[in-house]
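None of the values given here were measured: they were computed from a predicted structure. Atoms within a ligand are numbered from 1 in the order they appear, just like the ligands themselves.
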Amino acid sequence: MNITSKKPTIVYKGRPLEYFDAIIPRIGASKTFYGTAVVRQFEVMDVFSPNQSQAISRSRDKLRSMQILAREGVGLPVTGFAHATQDIDGLIETVGGAPLVIKLLEGTQGIGVVLAETYQAAKSVIEAFRGLDANILVQEFIKEAGGADLRCFVVGNQVIAAMKRQGAKGEFRSNLHRGGNAVKIDLSPEETDTAIRAAKAMGLKVAGVDLLRSNHGPVVMEVNSSPGLEGIEKTTKVNVAGKIIEFVAQNAVEENEDRSSIKPFY
Ligand code: ADP
Ligand code: MG
């Protein structure tokens, strides 16, 4: 990437990339730093991207995402975060005691998400993560979700496809990577509204919003900025990739004109 002020460019295998109207970022979880830098370079070149680099960075940090969603009043599981070890009891109290869920801030595919069924288990897992200097958050366990979650695929201001993922037998995590399976579902109006508001709060025009059905309404677990296509297309028979391209084609020119109206939130 050439970061000169007059003519910023991107060179791929010796060839400058020119004449781009739009890009569709697909940034792997382990490539966030470099991937968002490349997206940012396209932004500097005034190329349209449905997901801006900053929104992608925000969505990769579970704590930061929760804080942004909370500010917008989106339904969330009761979530706690603390730094000092002596706060462990208080932290467990914050989410109403055990059972509770402990998460690494930058985990993905269900790795780094632990269900602690007792107070003692919660305490020792939190201590262990702390000992490793890992950043974690603690969450109320939504037992009534029954090991299932809802993946709502948002493009623009619409949920274009939705599926219910169910974890393997005895597994509380519904990730397909953990052996779960998926079926197409119809969302309630409240669920649709929550998914759209969550994507909007994060500033993402293409997002996979994961909801849990809790007894206090739909709660957002996470918002993915490079949501997988294969599982949702197979399950719902919706041409998701096509919908993304349609959206980008319709919006690329328009949004390039009022880019200055996009306000960053840290
Ligand atoms: P990852 O980014 O690794 O997918 P998630 O936060 O999405 O992490 O958690 C993985 C899975 O664990 C979710 O899909 C859901 O099925 C389950 N899960 C996560 N948090 C909770 C919770 N608070 N209550 C109940 N189940 C949860
Ligand atoms: Mg997940």
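Asn2 CG: more than 12 foreign heavy atoms inside a 6.0 Å radius. In the displayed structure, Lys103 atom NZ is contacted under 6.0 Å by more than 12 heavy atoms of other residues, nucleotides or ligands. When the shell of 6.0 Å around NE2 of His177 is examined, it contains 12 or fewer heavy atoms from other residues, nucleotides or ligands. The environment of CD in Glu144 is crowded: more than 12 heavy-atom neighbours from other residues, nucleotides or ligands sit within 6.0 Å.
With hydrogens left out, the protein atom closest to atom 9 (O) of ligand 1 is Val113 CG2, 3.7 Å, a heavy atom. Nearest protein neighbour of atom 14 (O) of ligand 1, counting heavy atoms only, is Ser174 OG, 3.0 Å. Scanning the protein for heavy atoms near atom 8 (O) of ligand 1, the closest one is Lys62 NZ, 3.3 Å. For atom 11 (C) of ligand 1, the closest non-hydrogen atom of the protein is Asn175 OD1, 3.2 Å. The shortest contact between atom 17 (C) of ligand 1 and any protein heavy atom is with Phe172 O, 3.7 Å. Among protein heavy atoms, the minimum distance from atom 23 (N) of ligand 1 is reached at Glu140 O, 2.9 Å.
Ion pairing of Glu233 with Lys237 is absent here, as no side-chain N (NZ or NE/NH1/NH2) approaches a carboxylate O to less than 4.0 Å. Ionic pairing of Glu171 and Arg178 is not present here: no N-O contact between side-chain nitrogen and carboxylate oxygen is shorter than 4.0 angstrom. Ion pairing between Glu117 and Lys143 fails under the 4.0 Å rule for side-chain N and carboxylate O. Salt-bridge check for Lys200 with Glu72: failed, with every basic side-chain N at 4.0 Å or more from each acidic carboxylate O.
Looking only at distances, a side-chain donor or acceptor of Asn239 sits under 3.5 Å from a matching main-chain atom of Gly242. Listed for the Arg165 side chain is no donor-acceptor partner under 3.5 Å among the backbone atoms of Asp149.
Checking Lys62, Arg60, Arg58 one by one against Glu222, the salt bridge (Lys or Arg N to Asp or Glu O under 4.0 Å) holds for a single residue, Lys62.
The N/O atoms of Ile142, backbone and side chain alike, include one that comes under 3.5 Å of an N/O atom in ligand 1. Some N or O of Gly110 is nearer than 3.5 Å to an N or O of ligand 1, by distance alone.
In the candidate list Lys143, Arg60, Lys103, Arg151, Lys103 is nearest to atom 6 (O) of ligand 1, counting heavy atoms. Comparing Met221, Gln166, Gln109, Arg173 against atom 13 (C) of ligand 1, the shortest heavy-atom distance belongs to Met221.
Heavy-atom contacts of Asp149 reach the following atoms of ligand 1: 14 (O) (cutoff under 4.0 Å). Heavy-atom contacts of Glu222 reach the following atoms of ligand 1: 1 (P), 2 (O), 4 (O), 5 (P), 7 (O), 8 (O) (cutoff under 4.0 Å). Near Phe141, with a cut-off below 4.0 Å to any heavy atom, the atoms of ligand 1 are 24 (N), 25 (C).
Using a non-hydrogen distance threshold of 4.0 Å, Arg165 does not register as a contact of ligand 1. Proximity of Ala145 to ligand 1 is not established, as no heavy-atom distance is less than 4.0 Å. At a 4.0 Å cut-off, not a single heavy atom of Asp210 sits close enough to ligand 1 to count as contact.
Only the side chain of Leu212 comes within 4.0 Å of ligand 1, counting heavy atoms alone; its backbone N, CA, C and O stay farther away.
Taking the Mg ion (ligand 2) as reference, Glu222 places its N/O/S atom OE2 nearest.
Not a single N/O/S atom of Asp149, whether from backbone or side chain, sits less than 2.8 Å from the Mg ion (ligand 2).
Contact of the Val154 side chain with the Val223 side chain is not registered, since no non-hydrogen atoms from C-beta on lie closer than 4.5 Å.
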